[in-house]
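The block underneath contains the structure these notes are about, expressed in structure tokens.
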Protein chains: 2
Amino acid sequence: MKRPTSQDVAKLAGVSRAVVSAVLNRTPGIRVSPDRRQAVLDAIAQLGYRVDAQARGMRTGRSRTIAAYGNLDNPMFLQVLQGAQQSCMQAGYQLLLYGKNGQPQEQEELLALYQERRIDGLLTKDTTGFADEAFAALVQQAGLPFISVEGYPDEVNVLSILMDYGESIRMALDYIWQRTGGYPVYIAAYHGKPGEPRWGDRHRLAAYEAWMGERGESPRIFRLSLDEPEALTELMAGLPQPSSVLCNWFAASALVYRAAAGLGLAVGRDLYVMSADNTAQANRYMVPSLSSIEVPYAQMGAAAAERVIRLAEGREPSDAPPKIWIPPRLAPGESV
Amino acid sequence: MKRPTSQDVAKLAGVSRAVVSAVLNRTPGIRVSPDRRQAVLDAIAQLGYRVDAQARGMRTGRSRTIAAYGNLDNPMFLQVLQGAQQSCMQAGYQLLLYGKNGQPQEQEELLALYQERRIDGLLTKDTTGFADEAFAALVQQAGLPFISVEGYPDEVNVLSILMDYGESIRMALDYIWQRTGGYPVYIAAYHGKPGEPRWGDRHRLAAYEAWMGERGESPRIFRLSLDEPEALTELMAGLPQPSSVLCNWFAASALVYRAAAGLGLAVGRDLYVMSADNTAQANRYMVPSLSSIEVPYAQMGAAAAERVIRLAEGREPSDAPPKIWIPPRLAPGESV
DNA sequence: CTGTTAGCGCGTTCAC
DNA sequence: GTGAACGCGCTAACAG
């Protein structure tokens, strides 16, 4: 009892293999009468026939598979995958997972996947503002349909799915103001040494300054090294009660909670806290639960996959804009 | 400038296509002299030749790809993927992602992937103690190499990678005792209505009872519905200080923190808390950070992928044990 | 309009 | 080490 082939189906249905193929792919140029068509479908069902994807792929040159590349340590990547998978399934594509390990050869291996005809397109989940022009050039040269989630915000030659970080800050500020009537301190946390803030943080900062400026308030920005969280306690000890703080990042909010506990301040009463993202998906487990802005990664992944597939199939209009913007989402908690 | 084929490589190296293939696959039965071999390798490098995976797959009948099936809402699945990817890469395999959506047709689609020759094997991340015998039978009948992470603990016909939940409890109890000298209350949380506890929870409970019994203590078990967390406050108000509690699940620990805050109890001083898992990966963000036992999902994913690949390649001895046990891991925090 | 024939794509493998 | 067949589905050209 071996695998049935299109040959077997053709014989059982009393037609040629070409008709079987035509029925399955509605091939233009080959018309099939309804009854013959039905005979083919019956034969397929009876035998449990399945097209050999490899044989089809070899003939057509496409694999109907795209790869998703990202950091498997980051839980947000899972959301991207979820969205991408959704889009793939709707389009009849498969999703190949390729985890980032930080090895330099990985980029070549991604290209190799394409050259081996294992994938038709590539989607990467990059860190905010990431850009690797050398890689982008290689990809373009190879002709690999490519789209980045959160990367290459300023490279017009690379297609990206982006979130509007400025809007996320305005959304948070409006929410805090509506709930408390106060103007928050902004905490910009960073890892390691203070450097030039990255793309996302630049836009967040600018939005904060503009929002405060429009209301005649002077911005109060506190730069916090995640490696020296003690500084936070000093800052917070000097704030009147109640005050509100808006953190650029979940990790900073966690430190604020910790410092508040040390000072005997009750979050949600003596101190309002909001996070401009939900990187760790831990917001709702915080006590009290942390209000935040969410980056809609699933939606971004879905949009990315959809677009890569269009690209791979040559259905993307060449004048399509390189960047697609997805709006942030407000996730209220108990901390504001 | 089109894609180079093995034909092109052969011509450039002055050999037949069979030799190119033999060089690439160290085919037994075809000896290639060192200089010819080198000529082939040079030609490959010069042309940038890559084997067409589809053509190879069509000929060999294998795709060198396995699928991972699981719930994309669960961050732990990402860890499984990470481990699986690692194993796949080492073996030269690709990982196809298939997200669980809860639709009944999914099982058929997984089988279809195999019948279409898109995958050589399947790995599923199931919930603890899960078992679907109908699916397992289908898979077996189809001949699809299959292994479950955390599922089918009692079905000897299905291969699984499992964690020893009893050991996780003993590990936690030993740790708490060593740090505090106390005997914890055990909190068994559940969703919805109280029912028969599942496989993992049964083993946890039994281990708790046995451990307490060995020390001449009578077990103190509190069953908690996650939908009625108020009951927890009552329980905790009645405990002496300091006391310790061991929760079967992260979500229960989060509720304990919340109740402690309401009662003015300081976790880590008035009350010691430990979680028997880290499902939400939020432990280190809790204030204070939550001590817990971790399920080593990455390791389990790696073991699963490795085994599926062996199975697919027919390298698995038929007398191999159906279950592989991976030990739990202690993750100390500040709460104990 | 409906359908057939034949060749193709590309790497693998068996007989020599 | 070589030559040739093979795997399986797609599709251009062609015929009834």
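Naming: A, B, ... by sequence-line order, numbering from 1 per chain.
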**Prompt:** What integer distance in Å separates A:Leu24:CG from D:dG9:P?
**Reply:** 9 Å

**Fill in**
Applied to residues 83-95 of chain A, the side-chain hydrogen bond (donor to acceptor under 3.5 Å, both in side chains) test, sequence neighbours excluded, yields A:Tyr93-A:Glu313

**Request:** Classify the nucleic acid contact of A:Arg117 as base, sugar-phosphate or nothing, counting any heavy atom under 4.0 Å across all strands shown.
**Result:** sugar-phosphate

**Asked** Quick one, which residues of residues 37-46 of chain B touch DNA chain C with a heavy atom under 4.0 Å?
**Response** none

**Request:** Rounded to the nearest angstrom, tell me the gap between atom CZ in B:Arg59 and atom C1' in C:dT12.
**Result:** 5 Å

Distance-only donor-acceptor hits, side chain of residues 70-77 of chain B, under 3.5 Å, sequence neighbours excluded:
| unit_1 | atom_1 | unit_2 | atom_2 | d |
| --- | --- | --- | --- | --- |
| B:Asn71 | OD1 | B:Asp73 | N | 2.8 |
| B:Asp73 | OD1 | A:Gln82 | NE2 | 2.8 |
| B:Asn74 | OD1 | B:Met76 | N | 2.8 |

**Prompt:** Taking CZ from B:Arg50 and P from C:dC10, how many angstroms apart are they, rounded to a whole number?
**Reply:** 17 Å

**Message:** Considering every strand and a 4.0 Å limit on heavy-atom distances, what is the contact class for A:Val20: base, sugar-phosphate, or nothing?
**Reply:** nothing

**Asked** To 10°, what angle do the rotation axes through the five end pairs on each side of the helix from C:dC1-D:dG16 to C:dC16-D:dG1 form?
**Response** 40°

**Atom-to-atom span, NZ of A:Lys11 to C1' of D:dC8 - whole angstrom** = 14 Å

**Message:** Under the salt bridge (charged side-chain N to carboxylate O under 4.0 Å, His left out) definition, can you give me all pairs with a residue in residues 85-112 of chain B, not counting sequence neighbours?
**Reply:** none

**Request:** Report the residue (A:Asp52 or B:Pro34) whose heavy-atom-nearest nucleotide on DNA chain D is the more 5′ of the two.
**Result:** B:Pro34

**Message:** So, using side-chain hydrogen bond (donor to acceptor under 3.5 Å, both in side chains) as the criterion, who are the partners of A:Arg118 when residues are at least two apart?
**Reply:** A:Glu116

**Fill in**
Assign each of A:Ser6 and B:Gly14 the nucleotide of DNA chain D bearing its closest heavy atom; nearer the 5' end lies the nucleotide of B:Gly14

**Asked** So, is B:Asn25 close to the C:dG11 phosphate, meaning a side-chain N or O under 4.0 Å from OP1 or OP2?
**Response** no

**Prompt:** Among the nucleotides D:dG9, C:dG11, C:dT2, which one has an atom lying closest to any side-chain atom of B:Thr5?
**Reply:** C:dG11

**Request:** Establish, with yes or no, whether the OP1 or OP2 oxygen of C:dT12 is under 4.0 angstrom from a side-chain nitrogen or oxygen of B:Arg56.
**Result:** yes

**Item:** Proximity to the side chain of A:Val19 - top-ranked nucleotide from C:dT4, C:dT2, D:dT2
**Value:** C:dT4

**Request:** Ignoring backbone atoms, establish whether A:Tyr49 has a side-chain N or O less than 4.0 Å from OP1 or OP2 of D:dC8.
**Result:** no

**Request:** Assign each of A:Arg36 and B:Ala22 to its nearest nucleotide of DNA chain C by heavy atoms, then name whichever residue's nucleotide is nearer the 5' end.
**Result:** A:Arg36

**Message:** I need the single residue from B:Arg117, B:Arg59, B:Arg62 that forms a salt bridge (charged side-chain N to carboxylate O under 4.0 Å, His left out) with A:Asp52. Which is it?
**Reply:** B:Arg117

**Asked** Rounded to whole angstrom units, what separation is found between the CD atom of A:Gln7 and the C1' atom of D:dG9?
**Response** 11 Å

**Message:** In whole Å, I'd like the distance from the CE atom of A:Met58 to the P atom of C:dC10.
**Reply:** 6 Å

**Contact under 4.0 Å: A:Ser33 side-chain N or O vs C:dG3 OP1/OP2** = yes

**Heavy-atom closest pair, residues A:Ile119 and A:Ile66** = CG2-C, 4.2 Å

**Message:** To check you understand the geometry: which heavy-atom pair defines the closest contact between B:Ala303 and B:Ile326, and what is its length?
**Reply:** CB-CD1, 4.4 Å

**Message:** Tell me every residue that passes side-chain contact (heavy atoms from CB on, under 4.5 Å) with B:Val51, counting only those two or more places apart in sequence or in another chain.
**Reply:** B:Leu24, B:Tyr49, B:Arg56

**Fill in**
Taken in chain and number order and not counting sequence neighbours, the residues that satisfy side-chain hydrogen bond (donor to acceptor under 3.5 Å, both in side chains) with A:Thr65 are none

**Prompt:** Over how many whole Å does the gap from A:Arg62 atom CZ to D:dT11 atom C1' extend?
**Reply:** 16 Å

**Asked** Considering residues at least two apart in sequence or located in another chain, which fulfil the side-chain hydrogen bond (donor to acceptor under 3.5 Å, both in side chains) criterion with B:Asp42?
**Response** B:Gln38

**Prompt:** Would you call the rings of A:Phe146 and A:Phe135 parallel, tilted or perpendicular if under 30° counts as parallel and over 60° as perpendicular?
**Reply:** perpendicular

**Message:** Going by the rule side-chain hydrogen bond (donor to acceptor under 3.5 Å, both in side chains), which residues pair with B:Arg310 if we only count those two or more places apart in sequence or in a different chain?
**Reply:** B:Glu316

Show me the donor-acceptor pairs, under 3.5 Å and distance only, between side chains in residues 149-163 of chain B and residues at least two apart or in other chains.
| unit_1 | atom_1 | unit_2 | atom_2 | d |
| --- | --- | --- | --- | --- |
| B:Glu150 | OE1 | B:Tyr297 | OH | 2.9 |
| B:Glu150 | OE2 | B:Tyr165 | OH | 2.7 |
| B:Tyr152 | OH | B:Asp132 | N | 3.3 |
| B:Tyr152 | OH | B:Asp132 | O | 3.3 |
| B:Ser160 | OG | B:Gly151 | O | 2.9 |
| B:Ser160 | OG | B:Tyr152 | O | 3.4 |
| B:Ser160 | OG | B:Lys323 | NZ | 2.9 |

**Asked** Looking at B:Arg17, does any N or O in its side chain come under 4.0 Å of the phosphate oxygens OP1/OP2 on C:dG11?
**Response** no

**Request:** Find the distance A:Gln54:CD to D:dC8:C1' and express it as a whole number of Å.
**Result:** 11 Å

**Message:** Nearest to the side chain of A:Ser16, heavy atoms from C-beta on, is which of C:dT5, D:dG3, D:dC10?
**Reply:** C:dT5

**Asked** Has A:Arg3 got a side-chain N or O lying under 4.0 Å from the OP1 or OP2 atom of D:dG7?
**Response** no

Show the distances under 3.5 angstrom between N or O atoms of the protein and N or O atoms of nucleotides 14-16 of chain C.
none

**Message:** Just to be sure I understand the rule, does A:Val51 reach a base, reach only the sugar-phosphate, or reach nothing, if contact means heavy atoms closer than 4.0 Å?
**Reply:** sugar-phosphate

